[in-house]
Amino acid sequence: MTDSIPSDELFFAETGLDREAALRLTEDALINSDDGELFLEYCQSENLVFDDGQLRTASFDVNQGFGLRAVCGETSAYAHSAELSQAALARAADTVRSIQSGAGDVSAAPPRTNLSLYSDDNPVQVMAFEDKVRLLQEVDAFARNLDDRVRQVTVSLSGEWQAVDIIRPGGHTVSDRRPLVRFNVSVVTGQGDKRGSGDYGAGGRTNYASFIATGDWQTAAREALRQSLVALDAEDAPAGEMDVVMGPGWPGILLHEAIGHGLEGDFNRKKTSAFAGLMGERVASPGVTIVDDGTLHDRRGSLSVDDEGTPAQKTTLIEDGILVGYMQDRMNGRLMGAGSTGNGRRQSYAHHPMPRMTNTVMVNGDANPEDVLSSVKSGLYAVSFGGGQVDITSGKFVFSCTEAYRIENGRIGAPVKGATLIGNGPDALTRISMIGNDMQLDPGIGTCGKDGQGVPVGVGQPTIRLDRITVGGTAA
């Protein structure tokens, strides 16, 4: 398969799969089901890693296959194969017929859309391999010469082009061609026996040109170095209950994990979310509005259509502190009487869809960010986060800060290391007392895991103040 094949013939031109046979088998397999689809995927991907002055990884992969799903009530049967052939599809059809117990009235197909949020150009084929290696070498040399304390530099470039066709009974077909790229620079610095590390990445649903222009990659290298030097000089973090200011942009990952998953439809239908049964009630401080928006152009979490063929939407989840919506795929939306919100997502053809976030954002408030910071006499300013753990049922979370500072008399003080934020998602929403007017989206680096599946996502928020949050620290 190559890009020269017309888009609507991609899955039928060079395989043993016949279009009419695929339509007929899909129709027959789902005849007594409530819902279902045939999901066809073809994906090219590459990954290059330049580490310690050498090209350590250079991979190129082609992945293709189909997944056939039948849904009856809240039960689904799913069969998938890397073999795109009529015989493989016939075997899958036999498998999914095992749960045929529905009313035989398949749910209406998603509405059509002309929404186009990104180019369908294949970023993997935009640059020659030699040019990509040359770029990584140039970035590596530049970063190493920025400061004599630099000990190690790692530069990576990854891209993929995913083509999907989604076929439903009646011949309803939806196609999407999705680019995705990411560029990343990591820097380790050292002074005596101290070490510091910094990392900066950017990406989105576009081609490499948006992130590898000279000025852009130099900015990325300098930012990775800055973070590394901050970590080099950081002191042990204080511990205890204190006011916390979270910076704009990437710190929204805490909201994504601690709150966002709890607003996905499946957890609420099964009543395993801390937000279950709270629709229409106040769950956050006044002024807190959170949306999931899959319609942002070129963003990492955006989708012109989701993996069930539903057009992307902007869904308000919390409005002025009141819970007003959940994120839904087709099955959970149908069972909850709400319909899909365009949040049915899957990692690949080998995975079934489920409700997942796209770009989850807290919208602007009206406070000046400087006023938010100056309002805290003593506390913590959290700029960036790394890993964390969340319990969806209870809402409890633990997140580690990768860049944080003391707040002393309303001003940013010394950098600290080893800080963790500990709390409960629903409770944290009620502790937001100030919301800045400086909302930013993350640079395009997020990947979300759920039930063993990973999908690209985006987050964003303005500067916010949380009152009396527990901070785990390393200071004696």
Side-chain angles (χ1 to χ4, degrees), residues 1-5 10 14 41-65 82 118-146 150-164 177-189 197-225 227-228 298 300 347-351 443-449 453-457:
M1 285 183 188
T2 68
D3 277 355
S4 62
I5 298 173
L10 183 63
E14 293 186 355
E41 178 186 12
Y42 171 77
C43 184
Q44 290 184 359
S45 61
E46 67 177 353
N47 184 43
L48 287 81
V49 180
F50 204 86
D51 181 56
D52 202 21
Q54 298 181 53
L55 184 64
R56 299 288 187 182
T57 300
S59 63
F60 174 80
D61 185 50
V62 174
N63 193 27
Q64 66 180 32
Y118 31 78
S119 166
D120 62 2
D121 293 339
N122 187 343
V124 176
Q125 298 183 358
V126 169
M127 292 175 65
F129 176 78
E130 296 78 8
D131 293 336
K132 296 168 187 173
V133 175
R134 191 177 303 112
L135 169 69
L136 298 182
Q137 289 176 319
E138 190 173 358
V139 178
D140 176 82
F142 176 82
R144 289 179 181 278
N145 290 326
L146 285 174
V150 173
R151 298 291 180 264
Q152 185 172 359
V153 174
T154 303
V155 189
S156 63
L157 193 67
S158 62
E160 72 173 46
W161 185 77
Q162 182 196 37
V164 302
R177 308 295 181 251
R178 304 166 177 170
L180 186 67
V181 299
R182 179 169 173 179
F183 171 71
N184 200 82
V185 184
S186 298
V187 175
V188 176
T189 54
S197 62
D199 185 273
Y200 185 81
R205 292 200 180 279
T206 180
N207 58 44
Y208 292 128
S210 302
F211 303 102
I212 60 176
T214 301
D216 292 334
W217 65 251
Q218 288 185 352
T219 298
R222 289 192 175 98
E223 174 61 17
L225 174 65
Q227 293 180 21
S228 183
D298 298 333
R300 183 172 172 85
Q347 179 174 312
S348 75
Y349 71 87
H351 302 83
I445 59 176
T447 298
C448 173
Q453 296 190 41
V455 296
V457 296

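Starting from 1, each residue takes its place in the sequence as its number. Below, all heavy atoms of this structure are taken into account, side chains as well, without hydrogens, waters or symmetry copies.
- The CD atom of Gln152 lies 5.0 Å from the CG atom of Asp51; values are rounded to the nearest 0.5 Å.
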Determine, step by step, whether Arg134 and Asp131 satisfy the side-chain contact (heavy atoms from CB on, under 4.5 Å) criterion, reporting the C-alpha distance in whole Å, the side-chain angles of both residues, the deciding distance to 0.1 Å, and the verdict.
CA-CA 5 Å; Arg134 191 177 303 112; Asp131 293 336; 2.6 Å; yes
Take Phe183 and Val139, measure what side-chain contact (heavy atoms from CB on, under 4.5 Å) needs, and give me the verdict at the end.
CA-CA 11 Å; Phe183 171 71; Val139 178; 4.1 Å; yes
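- No donor-acceptor pair under 3.5 Å is formed between the side chain of Ser228 and the backbone N or O of Ala224.
- Closest approach of Asp120 to Arg177, counting heavy atoms only: CB-CB, 3.5 Å.
- Listed for the Gln453 side chain is a donor-acceptor partner under 3.5 Å among the backbone atoms of Gln347.
- A donor-acceptor distance shorter than 3.5 angstrom exists from the side chain of Glu41 to the backbone of Tyr349, with no hydrogens or angles considered.
- Annotation: side chain of Leu136 is not in contact with side chain of Lys132 (no heavy-atom distance under 4.5 Å).
- Atom CG of Asp61 sits about 7.5 Å away from atom SG of Cys43, to the nearest 0.5 Å.
- Here the shortest heavy-atom pairing between Ala202 and Phe211 reads CB-CD2, 3.6 Å.
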Carefully, step by step, assess Met127 and Asn207 under the rule side-chain contact (heavy atoms from CB on, under 4.5 Å).
CA-CA 10 Å; Met127 292 175 65; Asn207 58 44; over 6 Å; no
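- Panel note: side chain Glu46, backbone Gly159; no donor-acceptor pair is recorded below 3.5 Å.
- Side-chain contact, Arg182 with Ser156: no donor N or O sits under 3.5 Å from an acceptor N or O.
- Across all non-hydrogen atoms, the minimal contact from Val153 to Asp140 is CB-OD1, 3.6 Å.
- Separating the CZ atom in Arg151 from the CZ atom in Arg144 is a distance of 11.0 Å, to the nearest 0.5 Å.
- A donor-acceptor pair shorter than 3.5 Å cannot be found between the side chains of Asn63 and Gln162.
- When every heavy atom of Ser45 is checked against every heavy atom of Glu160, the shortest pair comes out as CB-CB, 3.8 Å.
- In this structure, CD in Glu223 is found 4.5 Å from CD in Gln227, a value given to the nearest 0.5 Å.
- Inspection of the Thr154 and Ser186 side chains reveals no N or O donor paired with an N or O acceptor under 3.5 Å.
- The shortest non-hydrogen separation linking Cys448 to Val457 is CB-CG1, 3.7 Å.
- Residues Thr214 and Trp217 have side chains in contact (heavy-atom distance under 4.5 Å, counting atoms from C-beta outward).
- In this structure, Glu138 CD and Ile212 CD1 are separated by 10.5 Å, a value rounded to the nearest 0.5 Å.
- Of the possible donor and acceptor atoms, none in the side chain of Trp161 sits under 3.5 Å from a partner among the backbone N and O of Tyr42.
- A donor-acceptor contact shorter than 3.5 Å is absent between the side chain of Arg205 and the backbone of Tyr118.
- Closest heavy-atom contact between Thr447 and Arg300: OG1-NH2, 3.0 Å.
- Distance check, rounded to the nearest 0.5 Å: CG of Leu48 to CG of Leu55 gives 6.0 Å.
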Yes or no on side-chain contact (heavy atoms from CB on, under 4.5 Å) for Thr219 and Tyr200, after CA distance, side-chain angles and deciding distance?
CA-CA 9 Å; Thr219 298; Tyr200 185 81; 5.9 Å; no
